[in-house]
Number of protein chains: 2
Amino acid sequence: MTRPKRRVERRADLVEAARKAMLEHGASVRLNQVAEQAGLTSGAVLYHYPDLQDLLLDANRAGMERFYDMRVRAIEGIADPARRLIITIATGLPVDSEDDDVRLLCELGGAAARSTVYAALLTSLFDRQVAMYQVILESGSAQGVFALSGSSLLIARNLVALEDAYGYRMMARHPTIDHAAASRLILDYARLATGHPLPIDVEVG
Amino acid sequence: MTRPKRRVERRADLVEAARKAMLEHGASVRLNQVAEQAGLTSGAVLYHYPDLQDLLLDANRAGMERFYDMRVRAIEGIADPARRLIITIATGLPVDSEDDDVRLLCELGGAAARSTVYAALLTSLFDRQVAMYQVILESGSAQGVFALSGSSLLIARNLVALEDAYGYRMMARHPTIDHAAASRLILDYARLATGHPLPIDVEVG
DNA sequence: CGATCTTCTGAATTTGGGTTCAACAAGTGC
DNA sequence: GCACTTGTTGAACCCAAATTCAGAAGATCG
C-alpha cells in the first residue's frame with residue numbers, strides 16, 4: 001500500500017493537510033482532524049511530526065510564503081510603477097470573504113499576541129511586504145512619476161497596514177467593504193501619498 | 001462560604017474571569033480554565049452559564065464596549081477638532097504590547113472569519129469607530145479647520161483601518177513600531193487627509 | 001529471494017475535559 | 001429557628017483526543 005515517498009515529500013503532504021484542517025477548524029485543530037484531512041491515522045502523522053505544534057508552524061509558514069510569492073509573481077514583468085502599485089494593492093486583499101490564504105493569516109493574528117514564534121513570523125511578513133512597496137515607490141519616484149508625500153518607508157507601512165485591516169474586515173464579511181471598495185479606499189490614500197492619479201481602469205489580468 | 005451575591009453580579013464576575021482566561025489561553029479557552037480563573041469549579045460556572053459560548057460571547061462584548069467607551073470618554077469635553085482627532089488616534093492604539101483590551105480584540109479577529117456572531121460584533125465596532133471619526137472630521141470641516149481630501153466616510157474608514165493594523169503589529173511586538181511610531185504613521189495620513197498640521201506636541205492629559 | 005528499513009495501522013492505554021448530580025453550606029423569609 | 005432557595009462542591013461518569021507500540025505491508029538492496 002505504501003508508495004515509495006520520500007520523507008520530505010510526505011512531510012510536505014502533511015503540511016498541506018494541516019493547512020486545510022486549520023482553515024476548517026481554526027488555530028486549535030486536533031491531531032485527528034489533520035490526520036483525517038491527510039487520509040491517515042493520527043499515528044502516521046505523529047511518525048513524521050512527533051509534535052503537532054511543529055507541523056502547524058510549518059503549515060503557517062508555508063501559507064505565508066505562498067501568499068507572498070503570489071504577490072511577487074503578480075507584478076514581475078510589469079515595468080510601469082503606477083500599474084505595479086495598483087496590482088500590488090489588489091493582490092494584498094483577499095479575493096473574497098472565502099480566501100483561504102488570507103483566512104489563515106487572520107487566524108494567526110490572534111495567536112501572535114500569545115506566541116513569540118507566530119509574532120516573529122507575522123512581523124517578518126509585514127516587513128517584507130513593506131519592502132516590496134518601498135521598491136515600487138522608490139522606483140516610481142526616481143522615474144519622476146510619483147511625487148512622494150513622505151518617506152517611502154512611511155507610505156509603504158501605511159499601505160500594508162491598510163491592506164491588512166481591510167483584509168480582516170472582508171473576512172468578517174463587512175456588508176459594504178468588498179474587494180472593490182477596499183481597493184478604492186487604499187488607492188485613495190495611495191493617490192494622496194504619490195501624487196499620481198493611479199487610474200483604476202487598468203486591467204489587472 | 002457563599003456570600004450573598006446576586007445572580008447578576010456573579011455573572012459579571014464570571015464575565016471578567018472569562019475575559020482574563022481568554023487573554024491567557026486564546027479564543028479556545030477551556031471551561032476549566034475559566035473556572036480556575038474565577039476561583040470556582042466547572043460546575044459552578046455551568047450553573048450560571050449552561051453554555052460556555054454564551055459566557056465567552058458576553059465577555060467579548062464587554063471587552064468591546066469597554067474599549068469603545070474609553071475612547072468616547074477620552075475626548076468628551078474637548079472642543080478643538082484637531083485635538084480631538086489627535087487624541088482619538090492615540091486611544092485607538094494599544095498603550096503597549098501588553099494592552100489587554102486590544103489583545104482581546106486581536107484574538108477575536110481570527111475567530112470572526114469562522115464565526116458569524118463574532119464577525120457581526122467586530123463589524124459593528126468598526127462602523128461605530130468610523131462614525132466617531134466622521135463626527136470629528138465633519139465638525140472640523142464645518143469649522144473650517146480641516147480641508148478634507150475626500151468624503152469623511154472614506155477618511156474615517158482609513159483611519160480606523162490604520163489603527164487596527166498597527167494594533168496588531170504592536171501586539172506582535174514589531175521591533176520598530178511602538179505606540180509613538182504608530183501614532184506618527186497614522187497622523188501622517190491624517191495630515192494629508194485633513195490639510196491640518198495636527199501638532200503632535202499637544203498633551204493628551 | 002531473503003534481510004532489513006521505512007511507513008503506517010489498529011488496538012490498548014492514558015489523559016483531559018465536559019456533564020451530571022446528590023449533598024451541603026449559606027443566606028432569606030416567615 | 002424552621003422551611004425554602006440559591007450557589008457551590010466533589011465525585012462519578014462519559015467521551016473524545018493524545019499517546020504508545022507491536023506488528024503488518026511495502027520498498028530496497030544485497
Side-chain angles (χ1 to χ4, degrees), chain A residues 1-60 62 104 107-108 110-111 114-115 117-118, chain B residues 1-60 62 104 107-108 110-111 114-115 117-118:
Chain A
M1 194 192 293
T2 310
R3 290 216 319 249
K5 291 234 171 194
R6 308 201 74 98
R7 202 179 177 73
V8 191
E9 295 169 16
R10 209 74 186 109
R11 279 171 69 103
D13 290 349
L14 287 181
V15 163
E16 180 57 20
R19 195 181 134 269
K20 284 184 184 152
M22 262 191 290
L23 285 168
E24 194 171 347
H25 303 103
S28 57
V29 224
R30 309 271 159 220
L31 173 61
N32 288 330
Q33 296 167 332
V34 175
E36 187 190 9
Q37 182 67 50
L40 296 173
T41 61
S42 60
V45 176
L46 246 31
Y47 172 78
H48 293 282
Y49 275 97
D51 187 347
L52 179 65
Q53 293 312 311
D54 294 342
L55 173 54
L56 297 184
L57 183 59
D58 279 359
N60 280 311
L104 211 54
E107 207 72 64
L108 242 60
R114 264 171 304 106
S115 150
V117 189
Y118 285 125
Chain B
M1 195 190 291
T2 310
R3 290 214 321 249
K5 292 235 170 193
R6 305 207 70 101
R7 203 178 178 74
V8 190
E9 296 168 17
R10 209 74 186 111
R11 280 172 67 104
D13 290 348
L14 287 181
V15 163
E16 180 57 20
R19 195 181 133 269
K20 284 184 184 152
M22 262 190 290
L23 285 169
E24 194 171 347
H25 302 103
S28 57
V29 225
R30 310 271 157 219
L31 172 60
N32 288 331
Q33 295 168 332
V34 174
E36 187 190 9
Q37 181 67 49
L40 294 173
T41 59
S42 60
V45 176
L46 245 32
Y47 173 78
H48 294 282
Y49 276 95
D51 187 347
L52 179 64
Q53 294 310 313
D54 294 343
L55 174 54
L56 298 184
L57 185 58
D58 279 0
N60 280 310
L104 208 55
E107 206 72 64
L108 239 62
R114 264 172 303 106
S115 150
V117 188
Y118 287 130

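All values below come from the heavy atoms of this structure, side chains included, with hydrogens, waters and symmetry mates left out. Letters A, B, ... mirror the listed sequences (proteins, then strands); counts begin at 1.
The two residues A/Met22 and A/Val29 make their nearest non-hydrogen contact at CG-CG2, 3.2 Å.
Sparse packing is recorded around CD of B/Glu36, with 12 or fewer heavy atoms of other residues, nucleotides or ligands lying under 6.0 Å away.
Contact check for A/Arg10 versus A/Leu40: side-chain heavy atoms found under the 4.5 Å cut-off.
Taking atom CZ of A/Arg10 as the reference point, atom P of D/dA27 lies 13 Å away to the nearest angstrom. When rounded to the nearest whole Å, the span between CD of B/Glu36 and P of D/dT9 equals 13 Å. Protein atom CG of B/Leu40 is 15 Å distant from nucleotide atom C1' of C/dA25, rounded to whole Å. Rounded to an integer number of Å, the gap from A/Leu14 CG to C/dT7 C1' is 12 Å.
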Under the side chain to side chain contact (heavy atoms under 4.5 Å, CB included) rule, what do A/Glu107 and A/Asn60 come out as? Steps first, then yes or no, please. CA-CA 10 Å; A/Glu107 207 72 64; A/Asn60 280 311; over 6 Å; no
Starting from the C-alpha separation in whole Å, work towards a yes-or-no answer on side chain to side chain contact (heavy atoms under 4.5 Å, CB included) for A/Glu16 and A/Lys20. CA-CA 6 Å; A/Glu16 180 57 20; A/Lys20 284 184 184 152; 3.5 Å; yes
Side chain to side chain contact (heavy atoms under 4.5 Å, CB included) assessment of A/Leu57 paired with A/Tyr49: CA-CA 11 Å; A/Leu57 183 59; A/Tyr49 275 97; over 6 Å; no
Could you walk me through whether B/Asp58 and B/Leu14 pass the side chain to side chain contact (heavy atoms under 4.5 Å, CB included) check? CA-CA 10 Å; B/Asp58 279 0; B/Leu14 287 181; over 6 Å; no
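The stretch residues 18-35 of chain B touches DNA chain C through B/Arg30, B/Leu31, B/Asn32, each having a heavy atom under 4.0 angstrom from the strand. Proximity of residues 41-54 of chain A to DNA chain C (heavy atom under 4.0 angstrom from any strand atom) is restricted to A/Thr41, A/Gly43, A/Ala44, A/Tyr47, A/His48.
For the OP1/OP2 pair of D/dG7 and a distance below 4.0 Å, the side-chain nitrogens and oxygens of B/Arg7 include at least one atom meeting the criterion.
Between B/Arg30 atom CZ and A/Ser28 atom OG the span is 7.0 Å, to the nearest 0.5 Å.
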